[in-house]
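Just so you know, residue 1 is the first one in the sequence shown, and it goes up from there.
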Amino acid sequence: MGVADIAFAYIHLKNRKDMLMKRIIMMALSAFIVCSLLCVCSCGAEVNDKEKLRIRNATYGNPDCRKSNIMMIKLWSAVEENNAQAIESMFSEKAKQEIKDYEVKIRNFIGAFNGDIMEVTEIACPSFKSKNNKNVTSHRMDGIYNIETTEGVYRLSFCYIVKNESNPEEVGLYWLFLRPDDEGNYNADGDYNIFVYPFEE
């Protein structure tokens, strides 16, 4: 075997190694892209339970507001499906103990909506956290939304406890408050409650 043959064999072997490395890199890159797309799709599915459920002005980029919007979508779905049990399951065990006749109040809450829900608009989603050193020990989320139906506009406020290490039985919905959008800014903050502002019959 001459020098030329050796040189040719070396170049051929190097090219094969380069091609193998390129294939490995392309396979790894393809796997990464597929995993990323699956993650994005799964996140989107969590936010949009149903294709039609979209919140106007939603700040899904804010992790806390995203939690609030997901809760709003769950409430919205339950109202549209007339599913009182679904709403009941969202309340904390502590709230169920504190709220008198909460099953009746949930039914009143669902029944207060007139017409079909057309649009939900995010108004605010404040978040309150307590920390011990760098660890979050408690986390409360509020949500304030306008709900437009075919027959009117409503203002829905809710509060729920995302985390409470000291009292885990408080995790869940704390209160719901529903009123016509033009009836001031009263809210039920501070009380375990399901409050439906008196609507005209």
Could you please spell out the steps behind the side-chain contact (heavy atoms from CB on, under 4.5 Å) verdict for Asn193 and Lys105? CA-CA 9 Å; Asn193 209 347; Lys105 291 184 176 180; 3.4 Å; yes
Taking only residues two or more places apart in sequence or in another chain, which ones pass side chain to side chain donor-acceptor pair (under 3.5 Å) with Glu122? Thr59, Asn69
If you group Ile, Leu, Val, Met, Phe, Trp and Tyr whenever their side-chain heavy atoms sit less than 4.5 Å apart, what else falls in with Ile144? Ile123
Should the ring pair Phe158 and Tyr160 be called parallel, tilted or perpendicular, given that the plane angle runs from 0 to 90° and is split at 30 and 60? tilted
Only counting residues at least two apart or in another chain, list the ones meeting salt bridge (charged side-chain N to carboxylate O under 4.0 Å, His left out) with Glu88. none
Side chains of Ile161 and Lys94, heavy atoms from C-beta outward: is any pair under 4.5 Å? no
Could you report the tightest heavy-atom contact between Tyr174 and Ile99, atom names first, then the distance? O-CD1, 4.3 Å
Within a strict 4.5 Å, meaning less than it, do heavy atoms of the Leu176 and Leu75 side chains meet? yes
Look at the side chain of Thr137 and the backbone N and O of Ser130, then say whether any donor-acceptor pair between them is shorter than 3.5 Å. yes
Any non-hydrogen side-chain atom of Tyr192 less than 4.5 Å from a side-chain atom of Trp175? no
How close do Gly115 and Thr150 get, heavy atom to heavy atom, and via which atoms? CA-OG1, 3.2 Å
Side chains of Phe109 and Leu156: does their closest heavy-atom pair fall under 4.5 Å? yes
Is it the case that more than 12 heavy atoms not belonging to Glu151 sit under 6.0 Å from its CD atom? yes
Within the structure provided, determine whether Met72 and Val120 are in side-chain contact (heavy-atom separation under 4.5 Å). yes
Give the intermediate values and the outcome of side-chain contact (heavy atoms from CB on, under 4.5 Å) for residues Lys129 and Val162. CA-CA 10 Å; Lys129 296 178 181 179; Val162 181; over 6 Å; no
With sequence neighbours excluded, residues passing salt bridge (charged side-chain N to carboxylate O under 4.0 Å, His left out) with Glu169: none
Please report the interatomic distance SG(Cys159) to CG(Leu173), rounded to the nearest 0.5 Å. 8.5 Å
4.5 Å side-chain heavy-atom contact, Met141 and Met71: no
Just verifying a value: how many Å separate Ile106 CD1 and Phe91 CZ, rounded to the nearest 0.5 Å? 5.5 Å
Intermediate values then yes/no, side-chain contact (heavy atoms from CB on, under 4.5 Å), Tyr154 and Asn114: CA-CA 10 Å; Tyr154 305 81; Asn114 292 317; 3.5 Å; yes
Under 3.5 Å donor-acceptor, Asn164 side chain and Asn167 backbone: yes
Heavy-atom check, side chain of Trp76 versus side chain of Ile147, under 4.5 Å: no
Taking only residues at least two apart or on different chains, which pairs with a member in residues 110-150 satisfy disulfide bond (SG atoms under 2.5 Å apart)? Cys65-Cys125
State, yes or no, whether a side-chain contact exists between Ile117 and Thr149 at a heavy-atom distance under 4.5 Å. yes
For Asn82, give me all partners under side chain to side chain donor-acceptor pair (under 3.5 Å), at least two apart in sequence or on another chain. Arg107
With under 30° as parallel and over 60° as perpendicular, where do the rings of Phe177 and Tyr197 fit, or are they tilted in between? perpendicular
